[in-house]
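Heads up: the structure comes next, in structure tokens.
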Protein chains: 2
Amino acid sequence: MTKNGTNPPHNRTRAEQKEQTRRAIVDAAFRMLSADHSYANLSLREVAREAGIAPTSFYRHFKDMDELGLTLVDEAGLMLRQLMRQARARIARGGGSVVRTSVETFMEFVDTNSNEFRLLLRERSGTSKAFRSAVQREMMHFIQELSDYIRQKTHSNHKSALWEADALVTIVFNAGADALDLPKAQREELSNKVIQQLRYVTRGAEAGRK
Amino acid sequence: MTKNGTNPPHNRTRAEQKEQTRRAIVDAAFRMLSADHSYANLSLREVAREAGIAPTSFYRHFKDMDELGLTLVDEAGLMLRQLMRQARARIARGGGSVVRTSVETFMEFVDTNSNEFRLLLRERSGTSKAFRSAVQREMMHFIQELSDYIRQKTHSNHKSALWEADALVTIVFNAGADALDLPKAQREELSNKVIQQLRYVTRGAEAGRK
DNA sequence: TATTTTAGTGAACAGCTGTTCGCAGGAAAA
DNA sequence: TTTTCCTGCGAACAGCTGTTCACTAAAATA
């Protein structure tokens, strides 16, 4: 008998059942993240408990907490990038300021997926080199996509577009971190600050181009 | 008898001895920080062992690991600010570019005091609200001093100078984090990127002024 | 000198951790 | 049908954790 409440393995292929348990583990891990619980101090047993399986069953799906963690980082990074792509698509179909829309989209992600964002934020400077690299990689994708967008809009050269995108992402990401500890009321003020700071960067980069 | 190797308490006042042990604890804690050991997963017993005292003795000096941690954050923040003040003083006596000198000074801090920097970096997004606030406070001091400097140099208004300083510190701090995982060879390249990005910000902010 | 205060101690506690092991029982393969 | 494969399990292990307690001995105070 499975402790995992939903659907005993009757009439299900092994592959289906295995995938379902794997997802239960991943979802449980995400659910356990919060302002005062980081992935780093999350134990294998806690995850197993939340997922409704025995601690030992964990090993049937991941060899390590590290392996699970890297999965989470990938999923969170993907989630974020998809959201930003949608935002750019919306803008392309003619909707408002690029900077403002991007910032608002990002802040929405931070607000509605705080735990996923916290994961990226924390593991970026965590004690596992593998985690740090994984987050770095996600951010590099993020920066690259923005850089391409800038290059297409402004015809600036590779390096300067990349550096500009890098600065923009750094500022936005940092503001997201600040937003986590801010009451809703003060977040708009934060957004205004960020938008202004991003304008500094874009204007400064533009000035360098001509 | 004290396990703490140096100087048994003969011929010393209680206050002196207590202070010495307290320092031994603080220093031990700093020594234990590294790329793969954060303050968050540092145990009271590890600190005690490194300091050469019994675990129980810890409580004679700090009621918590939290209390010790906040002390470390204060010391690290102070250290950083003092260094940057020296750098500005050096610049005032007529030495080179403000931006370049500041960046190089900061990078030197990251290089020679990696563990102190890592403490600030990590606890800024850690699981303790008190820690996050403490780091935030240190960074605010840092930003404020830079903002004053900018205002004195450029006669810009309060808010824009503050926002500019905020963006500059964000970018530099972030680059410091990146530097930690980079081999020496690639750090100069990183410095060049940062310097360029800071110029974007200062130019952009200047453009907004006129 | 006699008394009180206090930094430091070792033993002991319950509670948690990751991981190994052998076993069950249903799914898949022969 | 018989055999093999594999997900999930409970028991058990050693090793770590924070914290309590009653004690010592030296310094400070009376």
Side-chain angles (χ1 to χ4, degrees), chain A residues 1-29 32 36-71 127-128 130-131, chain B residues 1-29 32 36-71 127-128 130-131:
Chain A
M1 234 271 283
T2 44
K3 276 171 69 179
N4 182 353
T6 55
N7 292 5
H10 292 297
N11 296 339
R12 316 185 108 273
T13 70
R14 281 230 263 253
E16 280 172 347
Q17 174 57 24
K18 181 157 192 184
E19 178 52 29
Q20 179 174 314
T21 305
R22 189 189 149 97
R23 270 252 58 92
I25 294 173
V26 170
D27 292 345
M32 299 229 45
D36 16 54
H37 211 149
S38 70
Y39 188 80
N41 57 40
L42 180 60
S43 77
L44 185 149
R45 290 177 108 104
E46 282 176 305
V47 175
R49 218 174 295 136
E50 176 73 19
I53 61 169
T56 47
S57 302
F58 180 93
Y59 294 104
R60 301 289 183 199
H61 304 272
F62 302 95
K63 77 172 230 285
D64 246 358
M65 278 295 282
D66 278 18
E67 200 173 284
L68 170 58
L70 292 176
T71 303
T127 50
S128 157
F131 277 43
Chain B
M1 235 270 281
T2 44
K3 275 171 67 180
N4 183 351
T6 54
N7 290 4
H10 293 294
N11 295 337
R12 314 185 109 273
T13 71
R14 280 230 262 250
E16 279 171 347
Q17 175 57 24
K18 180 158 193 183
E19 177 53 28
Q20 179 173 316
T21 304
R22 188 189 150 97
R23 271 251 59 92
I25 293 174
V26 170
D27 292 344
M32 300 229 45
D36 17 52
H37 212 150
S38 71
Y39 188 79
N41 55 40
L42 181 60
S43 77
L44 185 150
R45 291 176 108 105
E46 282 176 306
V47 175
R49 217 174 297 137
E50 175 73 20
I53 61 170
T56 48
S57 301
F58 180 93
Y59 294 104
R60 302 289 182 200
H61 303 273
F62 302 94
K63 79 172 228 287
D64 247 358
M65 279 293 282
D66 278 17
E67 200 173 286
L68 169 58
L70 292 176
T71 304
T127 50
S128 158
F131 278 42

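Values in this document were obtained by computation on a predicted structure and should not be read as measured data. Sequence lines set the chain letters: A, B, ... in the order given, protein chains first and strands last, and positions in each chain run from 1.
- Atoms CZ (B:Arg60) and P (C:dT5) sit 14 Å apart, rounded to a whole Å.
- Here the P atom of nucleotide C:dG18 and the CE atom of A:Met65 are 7 Å apart, to the nearest Å.
- The distance from atom CD of A:Gln20 to atom P of C:dG26 is 18 Å, rounded to the nearest whole Å.
- Of the possible polar contacts, none joining the A:Tyr39 side chain to the A:Ala29 backbone as a donor-acceptor pair under 3.5 Å is found.
- Of the two residues contacting DNA chain C, namely B:Arg14 and B:Phe58, the nearest-nucleotide position lying further toward the 5' end is that of B:Arg14.
- Among the nucleotides C:dG8, C:dA28, D:dC9, the one closest to the side chain of B:His61 is C:dG8.
- Proximity of residues 39-49 of chain B to DNA chain D (heavy atom under 4.0 angstrom from any strand atom) is restricted to B:Ser43, B:Leu44, B:Arg45, B:Glu46, B:Arg49.
- Judged purely by atom type and a 3.5 angstrom limit, B:Glu67 has no side-chain atom pairing as donor or acceptor with the backbone of B:Asp64.
- Every residue two or more places apart in sequence or in another chain that forms a side-chain contact (heavy atoms from CB on, under 4.5 Å) with B:Thr71 is listed here: B:Arg22, B:Val26, B:Phe62, B:Glu75.
- Relative to the side chain of A:Thr13, the nucleotides C:dT6, C:dA28, C:dT9 differ in distance, and C:dA28 lies closest.
- Taking 4.0 angstrom as the limit, B:Thr21 places a side-chain polar atom (N or O) nearer than this to OP1 or OP2 of C:dG8.
- When the P atom of C:dG22 is taken as reference, atom OH of A:Tyr59 falls 17 Å away, rounded to whole Å.
- Within the structure, a side-chain polar atom (N or O) of A:Gln17 is placed less than 4.0 Å from OP1 or OP2 of D:dG8.
- Taking atom CG of A:Leu68 as the reference point, atom P of C:dG18 lies 12 Å away to the nearest angstrom.
- Counting heavy atoms from C-beta outward, A:Glu46 and A:Arg49 have side chains that approach closer than 4.5 Å.
- Per the geometry, CZ belonging to A:Arg22 stands 17 Å off P belonging to D:dC6, to the nearest Å.
- Annotation: side chain of B:Thr21 is not in contact with side chain of B:Arg60 (no heavy-atom distance under 4.5 Å).
- Closest contact between the side chain of A:Lys18 and the listed nucleotides D:dA28, D:dT7, D:dC5 involves D:dT7.
- When all heavy atoms of B:Met32 and B:Leu42 are compared, the pair lying nearest together is CB-CD1, 3.9 Å.
- Annotation: side chain of A:Asn41 is not in contact with side chain of B:Asn41 (no heavy-atom distance under 4.5 Å).
- Regarding A:Glu16, its CD atom lies at a distance of 15 Å from the C1' atom of D:dT7, rounded to whole Å.
- OP1 or OP2 of C:dA7 has not a single side-chain nitrogen or oxygen of B:Ser57 nearer than 4.0 Å.
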